[in-house]
Novice: 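Sharing a structure here in structure tokens format.
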Protein chains: 4
Amino acid sequence: MGDEGARVAGARRTREALLEAAAQVFAERGVQAPVRDIAGRAGVGVGTVYRHFPDRAELVIAVYRHQIDECAALAEELTGSPEPGQALERWICAFVEFLVTKHGLGVALQSDDMSLRSLHSLMLDTLVPACGRLVDGAVARGELDPGVTAYALMRAVGNLCLLGPGYDREDAHAMVARLLAGCR
Amino acid sequence: MGDEGARVAGARRTREALLEAAAQVFAERGVQAPVRDIAGRAGVGVGTVYRHFPDRAELVIAVYRHQIDECAALAEELTGSPEPGQALERWICAFVEFLVTKHGLGVALQSDDMSLRSLHSLMLDTLVPACGRLVDGAVARGELDPGVTAYALMRAVGNLCLLGPGYDREDAHAMVARLLAGCR
Amino acid sequence: MGDEGARVAGARRTREALLEAAAQVFAERGVQAPVRDIAGRAGVGVGTVYRHFPDRAELVIAVYRHQIDECAALAEELTGSPEPGQALERWICAFVEFLVTKHGLGVALQSDDMSLRSLHSLMLDTLVPACGRLVDGAVARGELDPGVTAYALMRAVGNLCLLGPGYDREDAHAMVARLLAGCR
Amino acid sequence: MGDEGARVAGARRTREALLEAAAQVFAERGVQAPVRDIAGRAGVGVGTVYRHFPDRAELVIAVYRHQIDECAALAEELTGSPEPGQALERWICAFVEFLVTKHGLGVALQSDDMSLRSLHSLMLDTLVPACGRLVDGAVARGELDPGVTAYALMRAVGNLCLLGPGYDREDAHAMVARLLAGCR
DNA sequence: CATGAATGAGCATTCATTCAT
DNA sequence: TATGAATGAATGCTCATTCAT
């Protein structure tokens, strides 16, 4: 049909509205926010959420995948830099920025909730290896303690990015910087 | 009546049983565990939980107060030590041990849940000042970066103690040690 | 337009695909199966199902009408047989086979669901009279208890064909045979 | 406490109200009726239903257990009768009366719904053995076809008791009688 | 004081049905 | 005519909280 495209376009628009709404709601009330709230924020019915994202995990992943991919890409870019230590530092800094901006991801990463297991997997599959290469490079140059693994490092950084009253983005950045300093 | 004392004693016993039960349940299933589970574990009815602890926050605080006080006492003990840097280190190490043992507290501290706000206050009122003296001592001796505040440090340490699959107690200790190293 | 015929032909094809799909799905998951499953099986959109069969009852009827008509035809054929008792027996046997094969019809017949009321009517209008003639023939020859009505008999047979764990097609056949024996 | 009994008594009353309500609702709208409807009919909140009957199966069983037990007792009573054939007949007749009165049980027995599996078990465990003894007795006296098993017989009888428009209690009794006649 | 029965709001999820394209 | 996206009512279930005994 000739109007096939229109319907698909409409669906894509809805999907995007949902992602937008979910990102906001996740940031405000956490990844466990009621589906209804997300639907409401997006101005759609609950059924629509389920049509696009059969389970919560898929929605969470979809919301963060973009930025996770960007992070991975940045790591790629920095890999092989002549200054591995600095490269790692810059990457971690970008990662922190990502985490504190899209707050809610931190909680999601920390949670051992079944429904968010796949977010862990996504991280493990894309970010950890990417970060791993930077870590390896820095270790090879003696600019990082060989006892530091990419996973534990990212996990720690992720935790340090859990904001709260009296502990804001600046604090997170500062603390992560100190952690890194201590990893040399 | 002459059995006034007996009643009071009974109530105290009940209260203690509740604290014991809550500590266990919090560790196993988190601070958000169903009230009924706690009541059941303590062998009392739900109503009794509400009588002793009108809201969840009070129970959470009561459960952790003992250990928080111990932590504060330890800090007191270490204050004025001839080796302020080492003293801080030892104290933080004990704090970490406390956090990873009573897991659930980490989440509680991080959560911005209204009902747990008072736990923050408790920390602010007892632990932060205690820790603050150690920090001040270390700073005075040039063994700690003056930019480090007791609150942010504890917060960061607390976050680093949020365990999960692939990130255990050992990792937490190691990362906290690195953070401290980076704070000098 | 000249393609009027083509459109009609296409619609007919769609309709047949739907009947085919519905028959399969009804057999597998019962007459209450989700509309979407049927549409999916037929490779069409849900809207198409509604266009062809505005309500579930019409679809159910359409699905079974063919076989119901065949049953009626067989009854016609057997009517006036020189052996009325045997004729009835053979017809009932064929009816049983139909019911246990297209399982789901049994439930449909039994259900007093509003939306399936018309299936009852269909039976009443076609099968009952057809069966009635066989019954009458047998009664006339003294080969059947005059107290047996075609409707009650068919209803009973229909019920005996509701299969389940531990009660299969063989059992249904056997029990129906015994019921018939008891009707002489 | 002295008022322990009062609370328990109240709970028992509620439980009975629930069983009463459930029996009515099951009869009117089937065993799959919404929990809310049952709660409403009993004049209690949904939570109360779940407190007393954690899952639907338990409610269904509780509703019918009394009568199932009575049926089993009757079978016991009739076992060893000097007229095994007649004994079986009388028992089946009582069983039919039970089924057509508590209509809804028929559907429940027929359904292969997971949540009702335990009702099957209950029948299998209590009624089938009880009926089996009567069947054995009748078979031993040559008053019943040895090919008839208690389970298949009960299943068939159960099916014959599924009433509907134009097929009432009388019809069920008559058809069961004929089935039994055919089993000799 | 203790009890636990009762309540009902809250959330997830499914699916029949409508309608713009 | 066909499509499938969107809708929302219906339903199951959990759990915090109250209160009569």
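We use all heavy atoms of the structure for the numbers below, so side chains are in, but hydrogens, waters and symmetry mates are not.
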Novice: Starting at atom CG of D55(D), determine the distance to atom C1' of dT11(F), rounded to an integer number of angstrom.
Specialist: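 So the two atoms are 16 Å apart, to the nearest Å.
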Novice: Quick check: on DNA chain F, is the nucleotide nearest R15(A) upstream (toward 5') of the one nearest P54(B), or the reverse? Name the residue that is more 5'.
Specialist: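 Going by which nucleotide is closer to the 5' end, it is R15(A).
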Novice: Starting from P on dA16(E), measure out to CD on E58(C) and report it in whole angstrom.
Specialist: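 That distance rounds to 16 Å.
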Novice: With a 4.5 Å heavy-atom cut-off, do R12(D) and E16(D) have their side chains touching?
Specialist: yes
Novice: Quick one: do E28(B) and R41(B) make a salt bridge, cutoff under 4.0 Å?
Specialist: yes
Novice: Expressed in angstrom and rounded to an integer, what is the separation of L18(A) atom CG from dA5(F) atom C1'?
Specialist: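 It works out to 12 Å between those atoms.
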Novice: Measure CG/L59(B) against C1'/dA16(F) and give the value in whole Å, please.
Specialist: 14 Å
Novice: State whether the number of non-hydrogen atoms from other residues, nucleotides or ligands found under 6.0 Å of R117(D) atom CZ is greater than 12.
Specialist: yes
Novice: Closest heavy-atom contact between S118(D) and A57(D)?
Specialist: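 Closest heavy-atom pair between S118(D) and A57(D): OG-CB, 3.2 Å.
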Novice: Could you check how far CZ of R56(D) sits from P of dT11(F), rounded to whole Å?
Specialist: 10 Å
Novice: Strictly below 4.0 Å, heavy-atom distances to any atom of DNA chain F: list the hits from residues 29-51 of chain A, or just say none.
Specialist: R36(A), G43(A), V44(A), G45(A), V46(A), G47(A), T48(A), R51(A)
Novice: So I38(D) and F26(D), do their side chains get closer than 4.5 Å, heavy atoms only?
Specialist: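 The answer is yes; the side chains approach within 4.5 Å.
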Novice: Closest approach of R65(D) and L122(D), non-hydrogen atoms and distance?
Specialist: NH2-CD1, 3.5 Å
Novice: Give me the atom names and distance for the closest heavy-atom approach of A42(D) to A17(D).
Specialist: CB-O, 3.9 Å
Novice: Tell me, do R15(B) and F53(B) make a side-chain contact under 4.5 Å, heavy atoms counted?
Specialist: yes
Novice: How does DNA chain E look in dot-bracket notation if pairs are Watson-Crick or G-U with both distances under 3.5 Å, crossing ones as [ ], other-strand ones as |?
Specialist: .||||||||||||||||||||
Novice: Please report, rounded to the nearest Å, how far the C1' atom of dT3(E) is from the NE2 atom of H52(B).
Specialist: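 Taking NE2 of H52(B) and C1' of dT3(E), I get 12 Å after rounding.
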